[in-house]
2 protein chains.
Amino acid sequence: MHYTRDNMAGLLRSHDINPTHQRIEIAHALFSRQEHLSADQVMAIVNTRHSETSKATVYNTLKLFLEKGLVREVIVDPSKVFFDPNTSPHHHLYEVDSGKLSDIDAEHVQISGLPPLPPGMVTEGIDLIVRVRRKA
Amino acid sequence: MHYTRDNMAGLLRSHDINPTHQRIEIAHALFSRQEHLSADQVMAIVNTRHSETSKATVYNTLKLFLEKGLVREVIVDPSKVFFDPNTSPHHHLYEVDSGKLSDIDAEHVQISGLPPLPPGMVTEGIDLIVRVRRKA
DNA sequence: ACGGCGATCTGGACTTTGTCTAATATCCGG
DNA sequence: CCGGATATTAGACAAAGTCCAGATCGCCGT
Ligand SMILES: [Mn+2]
Ligand SMILES: [Mn+2]
Ligand SMILES: [Zn+2]
Ligand SMILES: [Zn+2]
């Protein structure tokens, strides 16, 4: 499957998001690359040729995508949030030195023995992050 | 075991940290409470009576504690880092609404099926965060 | 006690990430 | 084409964290 700008409108609509020029560009940045991007990186990508999209719109749009379940947030670096076009359940491998973030398929990973949740609470998600660094 | 200011000097020394007035106060804030605190919270606690410790020192000291393995960092909220006096392997439960962060003993939790690490890499840590919220 | 000196602490400027607002522009149904 | 709702924008603002040059501290030898 190939993510073109043309598919983006449909993808957005299917998530109840009104497709606009800026939203299509931002979705395209994330989905065509299938990478974890920070708001800053999205901004840079979208504005490579000539300035097209403001900072406010980049942040507004990413938050909207998040609310609508189109992307997921990955909190792994204290200095910035990553946005993840992969919303299927999966985990992350974080290379501390380089800042590289990659996916770990959840299919074969088993987590067991977690204690019961506090009453009246529901799980919103389980984040598993394997932090690695270059061997000394 | 009770953490008094008097114990702190020994604890610091045992981690190769020169105990100073400010470092003792900051360590005491964390260890006497046994809670996850942000830099801001540490600052507030240490300066309750009268201003004693500067922002720069709070940040420098927490970073020093981190390097020396006296505390651990928990990255769970995009807007601030928490410092954790509990350095034994354990996981975290994060209540998204309230921001409350609590420990999950690692003893009974089993994680299996993780893929092999990329060559030349070693695991620095595995962070498991259970994100929960109040039932609708 | 005194002077010296490395280690530590400090105020405040600065940077980065993210939020907010009020004005403008765009879109769309009638 | 009009009018209202929706979306975008510049730029001011806020919060967390970093940095630096100068002041201070605590200890040692005299
Ligand atoms: Mn364009
Ligand atoms: Mn004091
Ligand atoms: Zn991912
Ligand atoms: Zn903890």
Side-chain angles (χ1 to χ4, degrees), chain A residues 8-9 12-13 15-30 36-47 49-68 70-71 73-84 96 99 101, chain B residues 5 8-9 12-13 15-30 36-47 49-68 70-84 96 99 101:
Chain A
M8 290 302 105
L12 293 177
R13 268 188 221 98
H15 282 261
D16 199 24
I17 298 167
N18 201 353
T20 65
H21 180 68
Q22 287 88 339
R23 288 170 182 175
I24 287 171
E25 285 298 321
I26 291 172
H28 184 251
L30 282 160
H36 308 87
L37 300 178
S38 64
D40 226 36
Q41 291 175 305
V42 168
M43 176 98 143
I45 290 168
V46 161
N47 289 334
R49 301 173 162 280
H50 47 94
S51 187
E52 290 180 336
T53 306
S54 72
K55 185 170 62 146
T57 296
V58 169
Y59 278 99
N60 288 344
T61 300
L62 288 171
K63 199 202 273 186
L64 178 69
F65 285 3
L66 205 55
E67 283 163 12
K68 297 297 189 178
L70 183 60
V71 303
E73 210 177 19
V74 183
I75 300 165
V76 74
D77 181 304
S79 71
K80 63 188 142 196
V81 170
F82 286 101
F83 295 88
D84 190 344
V96 175
L101 185 61
Chain B
R5 274 180 188 75
M8 290 301 106
L12 293 177
R13 269 189 220 97
H15 282 261
D16 198 26
I17 298 167
N18 201 353
T20 64
H21 180 68
Q22 288 88 341
R23 289 170 182 175
I24 287 171
E25 285 299 320
I26 291 171
H28 185 252
L30 283 159
H36 307 88
L37 300 178
S38 65
D40 227 35
Q41 291 175 305
V42 169
M43 177 98 144
I45 291 167
V46 162
N47 289 335
R49 300 173 163 279
H50 47 93
S51 187
E52 290 181 336
T53 305
S54 70
K55 184 170 64 144
T57 296
V58 169
Y59 278 99
N60 288 344
T61 300
L62 289 171
K63 197 203 275 187
L64 177 69
F65 285 3
L66 205 55
E67 285 164 10
K68 298 295 190 180
L70 182 62
V71 302
R72 156 180 177 181
E73 210 178 20
V74 184
I75 300 166
V76 75
D77 181 305
S79 72
K80 61 189 143 196
V81 169
F82 287 100
F83 294 88
D84 189 345
V96 175
L101 184 60

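Note on naming: letters A, B, ... go to the chains in the order of the sequence lines (proteins, then strands), and numbering restarts at 1 for each one.
Residue contacts shown for B:T20 are limited to sugar-phosphate atoms, with no base heavy atom under 4.0 Å away.
Applying the salt bridge (Lys or Arg N to Asp or Glu O under 4.0 Å) rule to pairs touching residues 15-24 of chain B yields B:D16-B:K68, sequence neighbours excluded. Among residue pairs with one or both ends in residues 57-67 of chain B, those qualifying as side chain to side chain donor-acceptor pair (under 3.5 Å) are B:S54-B:T57; sequence neighbours excluded.
What separates NZ of A:K68 from P of D:dT6 is a distance of 12 Å, to the nearest Å. For the pair A:N47 CG and D:dT8 P, the computed distance is 13 Å after rounding to whole Å.
Minimum heavy-atom separation, A:H28 to A:M8: N-SD, 3.7 Å.
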Criterion side-chain contact (heavy atoms from CB on, under 4.5 Å) on B:F82 and B:L101, from CA distance to verdict: CA-CA 9 Å; B:F82 287 100; B:L101 184 60; 4.0 Å; yes

Determine, for nucleotides 15-27 of chain D in 5'-to-3' order, which nucleotides have protein heavy atoms under 4.0 Å from the base (write B), from only the sugar-phosphate (write S), or from neither (write -). -SBBB--------

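When B:L66, B:D84, B:L62 are each tested for a side chain to side chain contact (heavy atoms under 4.5 Å, CB included) with B:E73, only one passes: B:L66.
Protein chain B contacts DNA chain C over a range whose 5' and 3' limits, counting nucleotides with an atom under 4.0 angstrom from a non-hydrogen atom, are C:dT8 to C:dA13.
For B:N47, the side chain to side chain contact (heavy atoms under 4.5 Å, CB included) partners at least two apart in sequence or on another chain are B:M43, B:S51, B:E52, B:T53. Partners of A:A29 according to the side chain to side chain contact (heavy atoms under 4.5 Å, CB included) rule, which considers only residues two or more places apart in sequence or in another chain, are A:R33, A:I45, A:V46.
Taking CZ from B:F65 and NE2 from B:H15, the interatomic distance works out to 10.0 Å, rounded to the nearest 0.5 Å.
A sub-4.0 Å separation between OP1 or OP2 of D:dT8 and a side-chain N or O of A:T57 is absent.
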